[in-house]
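This report concerns only the one structure given below.
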Amino acid sequence: MSTDAAEKTAPQPRSANNGNVTKRLQTELMTLMMSPTPGISAFPNDDLLNWTATISGPDGTPYANLTFKLSFEFPANYPYAPPTVLFKTPIYHPNIDFSGRICLDILKDKWSAIYNVQSVLLSLQSLLGEPNNASPLNGQAAELWDKDPVEYKKLVLARHKDLADEELAGL
């Protein structure tokens, strides 16, 4: 492939100039602000394509009373492609690796344009209490979830670290 051809097929710079993406994300933000759901929140960072979200650990799970920060990075063709979502707060979980990457079907091959930031956050909150141990990113966590809940909770608490906004900005 010639250099000219490579330049023509290279991805275009991402920006929120795409009116449809901007409008969709503004609508989602307004919904989150006007009808907040307990235990989840999200807000754009410096631009509309990058957000910081927060999830409270569900009651009755090893994550109860813990708070987790996540990053959302929206592609230029959102909502037809899923956002890239990462846990920024260190977390011990069968479906989340130590880099914060998440194994959740709706963020991959089961994505649909009907999903939004709120539905993704609610799905992730649910995943905290109901991991998919058939598809673990962290095999040890999947094994301990079923076999040793006390040890599992110890590792959850040992891994969790509340991140100040200043720390999150540096990640």
Side-chain angles (χ1 to χ4, degrees), residues 6-59 61 63-132 135 137-138 160-171:
E7 287 173 4
K8 289 177 186 170
T9 59
Q12 297 303 308
R14 295 170 17 122
S15 71
N17 292 342
N18 180 328
N20 292 335
V21 174
T22 299
K23 186 174 180 183
R24 167 72 182 248
L25 289 172
Q26 287 172 334
T27 300
E28 289 191 34
L29 179 59
M30 287 305 293
T31 300
L32 285 165
M33 291 171 57
M34 302 303 288
S35 305
T37 302
I40 65 167
S41 65
F43 202 79
N45 294 329
D46 295 334
D47 69 73
L48 206 52
L49 295 177
N50 294 287
W51 292 28
T52 296
T54 305
I55 296 176
S56 297
D59 291 339
T61 73
Y63 305 96
N65 302 315
L66 300 177
T67 301
F68 300 92
K69 290 193 187 268
L70 300 93
S71 66
F72 276 68
E73 188 175 316
F74 298 94
N77 59 342
Y78 180 79
Y80 303 105
T84 300
V85 183
L86 296 171
F87 271 82
K88 292 302 187 179
T89 303
I91 183 170
Y92 185 79
H93 188 277
N95 305 116
I96 304 163
D97 71 13
F98 286 140
S99 297
R101 292 181 299 239
I102 304 160
C103 181
L104 181 64
D105 59 357
I106 68 163
L107 292 175
K108 307 273 187 269
D109 58 324
K110 300 286 190 216
W111 175 258
S112 168
I114 62 167
Y115 294 125
N116 58 30
V117 172
Q118 184 176 34
S119 60
V120 169
L121 289 172
L122 289 171
S123 294
L124 290 170
Q125 192 176 46
S126 177
L127 185 68
L128 292 179
E130 299 171 20
N132 177 1
S135 181
L137 285 176
N138 180 336
H160 184 270
K161 178 180 180 237
D162 283 320
L163 294 178
D165 289 338
E166 301 80 44
E167 290 178 285
L168 188 64
L171 293 178

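The shortest side-chain heavy-atom distance between I102 and L127 falls under the 4.5 Å cut-off.
The closest donor-acceptor contact from the side chain of T61 to the backbone of P58 lies under 3.5 Å. A distance-only check finds no donor-acceptor pair linking the side chain of H160 to the backbone of Y92 [under 3.5 Å]. Side chain of N50 to backbone of S71: no donor-acceptor contact under 3.5 angstrom is found. A donor-acceptor pair under 3.5 Å is formed between the side chain of T27 and the backbone N or O of K23.
Expressed to the nearest 0.5 Å, how far CG of L25 lies from CE of M30 amounts to 13.5 Å. Atom CD1 of I91 and atom CG of D97 lie 11.0 Å apart (nearest 0.5 Å). A distance of 9.0 Å separates CG of L104 from CD1 of I96, quoted to the nearest 0.5 Å. Annotation: the span from T22 atom OG1 to R24 atom CZ amounts to 12.5 Å, rounded to 0.5 Å. Distance CG/D105 to CG/N132: 8.0 Å, rounded to 0.5 Å. Between the CZ atom of F43 and the OG1 atom of T54 there is a distance of 12.0 Å, given to the nearest 0.5 Å.
Exactly one of N95, I40, I106, I55 qualifies for a side-chain contact (heavy atoms from CB on, under 4.5 Å) with L124. That residue is I55.
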Side-chain atoms of residues 75-84: list all donor-acceptor pairs with protein atoms under 3.5 Å, sequence neighbours left out, distances to 0.1 Å.
unit_1: Y78; atom_1: OH; unit_2: E28; atom_2: OE1; d: 3.2
unit_1: Y78; atom_1: OH; unit_2: E28; atom_2: OE2; d: 2.6

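Across all non-hydrogen atoms, the minimal contact from L121 to A53 is CD2-CB, 3.7 Å. In terms of heavy-atom proximity, W51 sits nearest to V117 at CZ3-CG2, 3.9 Å.
Every residue two or more places apart in sequence or in another chain that forms a ring-ring contact (aromatic ring centres under 6.0 Å, His included) with Y63 is listed here: F68, H93. Under the rule for a side chain to side chain donor-acceptor pair (under 3.5 Å), the partners of T37 that lie at least two apart in sequence or sit in another chain are Q118.
Environment of CG in N65: sparse, with no more than 12 heavy atoms of neighbouring residues, nucleotides or ligands closer than 6.0 Å. Other residues, nucleotides and ligands contribute only 12 or fewer heavy atoms inside 6.0 Å of the NZ atom of K110.
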